[in-house]
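Starting off with a structure, shown below.
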Amino acid sequence: QAQLEESGGGSAQSGGSLRLSCAASGTTARAYCMGWFRQAPGKERDKVAYIYTGSGSTKYADSVKGRFTLSQDSAKNELFLQMDSLEPEDTAIYYCAARFYRGSGYCGTAGDYDYWGQGTQVTVSL
């Protein structure tokens with residue numbers, strides 16, 4: 001049974017940077033896709049960015065394009081999110097997610113993932 005663990009959350013000022021990491025353990029299988037989602041109080045869990053681990057193809061939410069960069073160490077099932085030019089609107093709990101089979105081939109929504117981390121808080125102040 002795979003487990004995901006996030007690290008790297010915290011507080012930053014507007015315009016600052018944070019880097020999130022996610023490590024998968026408990027499995028030797030390579031994830032088909034991995035992603036970051038975030039959930040602000042009173043809101044739904046939304047896509048931030050995700051990656052097809054085999055091709056390295058990445059997709060970003062429009063709200064983070066040009067500011068966030070997703071990368072991976074596919075051999076280790078590790079995922080990273082470099083967050084630059086942070087804005088107060090980025091404040092949320094950030095969750096790492098993974099799916100270990102191809103299925104529909106689409107990984108763009110929270111419902112497409114089987115495994116989730118516990119979440120890490122990101123707070124951006126003015």
* **Within-4.5 Å side-chain heavy-atom neighbours: Gln3 and Thr27** =>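 A side-chain contact under 4.5 Å is absent here.
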* Asked: Does a side-chain heavy-atom distance below 4.5 Å link Thr53 with Met34?
  ->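 Of all side-chain heavy-atom pairs linking Met34 with Thr53, at least one is under 4.5 Å.
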* To do: Using a 4.5 Å cut-off on heavy atoms from C-beta on, say whether the side chain of Thr91 contacts that of Arg38.
  =>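 No, side chains not in contact.
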* Asked: Does any non-hydrogen side-chain atom of Val124 lie less than 4.5 Å from one of Val122?
  ->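 Touching, per the 4.5 Å side-chain cut-off.
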* Please check if atom CD in Gln121 has more than 12 non-hydrogen atoms from other residues, nucleotides or ligands closer than 6.0 Å. =>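 Enclosed.
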* Give a yes-or-no answer on whether the side chains of Arg99 and Tyr113 include a donor-acceptor pair shorter than 3.5 Å. =>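 The answer is no; no qualifying pair exists.
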* To do: Please say whether the positively charged group of Arg30, taken as NZ for Lys or CZ for Arg, lies over the ring of Phe100, i.e. under 6.0 angstrom from the six-membered ring centre and within 45 degrees of the axis.
  =>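 Checked: cation-pi criterion not met.
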* If you group Ile, Leu, Val, Met, Phe, Trp and Tyr by side-chain heavy-atom gaps below 4.5 Å, do Leu70 and Tyr32 land in one group? ->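 Each belongs to a different hydrophobic cluster.
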* Ignoring hydrogens and geometry, is there a side-chain-to-backbone donor-acceptor pair from Glu6 to Cys96 under 3.5 Å? ->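 Checked: pair present.
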* Common cluster, Leu20/Tyr50, ILVMFWY with side-chain heavy-atom separation under 4.5 Å ->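 Not linked; separate clusters.
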* Asked: Does one hydrophobic cluster hold both Phe37 and Leu18, with members joined at side-chain heavy-atom distances below 4.5 Å?
  ->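 Not linked; separate clusters.
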* Single-linkage hydrophobic cluster Met83~Trp36, side-chain heavy atoms < 4.5 angstrom ->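 Yes; Trp36 is reachable from Met83 via cluster members.
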* From Leu81 CG over to Gln72 CD, what is the distance, rounded to the nearest 0.5 angstrom? ->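 The CG atom of Leu81 sits 13.0 Å away from the CD atom of Gln72.
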* Would you say Gln118 has more than 12 foreign heavy atoms packed within less than 6.0 Å of its CD? ->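 Counting other residues, nucleotides and ligands, CD of Gln118 exceeds 12 neighbours.
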* Any Lys59 side-chain heavy atom under 4.5 Å of Cys33 side chain ->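 The answer is no, as the side chains (C-beta and beyond) never meet within the 4.5 Å cut-off.
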* Asked: Do Tyr95 and Arg45 come close enough that some side-chain heavy atom pair is under 4.5 Å?
  ->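 They are in contact (side-chain heavy atoms under 4.5 Å apart), so the answer is yes.
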* Interatomic spacing from CD1 in Ile93 to NZ in Lys43 - rounded to 0.5 Å ->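 One finds 13.5 Å between CD1 of Ile93 and NZ of Lys43.
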* Supply the atom-to-atom distance Ser21 OG to Leu79 CG, rounded to the nearest 0.5 angstrom. =>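 It comes to 8.5 Å.
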* To do: State, with a plain yes or no, whether a side-chain heavy atom of Ser17 is found less than 4.5 Å away from one of Gln82.
  =>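 Heavy-atom side-chain distance check passes, below 4.5 Å.
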* Nearest 0.5 Å please: distance from the CG atom of Asp114 over to the OH atom of Tyr101. =>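 One finds 4.0 Å between CG of Asp114 and OH of Tyr101.
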* Transitively linked via ILVMFWY side-chain contacts under 4.5 Å: Tyr60 with Phe80? ->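 No, because Tyr60 and Phe80 fall into different hydrophobic clusters, even though each may have its own neighbours under 4.5 Å.
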* Is a side-chain N or O of Asn77 found less than 3.5 angstrom from the main chain of Ser25, in a donor-acceptor match? ->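 Checking the backbone N and O of Ser25 against the side chain of Asn77, no donor-acceptor pair under 3.5 Å is found.
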* **Approximate separation, where rounding is to 0.5 Å, of Ser14 OG and Asp90 CG** =>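 Result: 8.5 Å between the selected atoms.
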* Asked: Does the side chain of Arg67 come within less than 4.5 Å of Glu87's, by heavy atoms?
  ->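 Heavy-atom side-chain distance check passes, below 4.5 Å.
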* Using the ring of each side chain (for Trp, its six-membered ring), is Tyr94 parallel, tilted or perpendicular to Phe68, with breaks at 30° and 60°? ->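 Rings of Tyr94 and Phe68: tilted, 30 to 60°.
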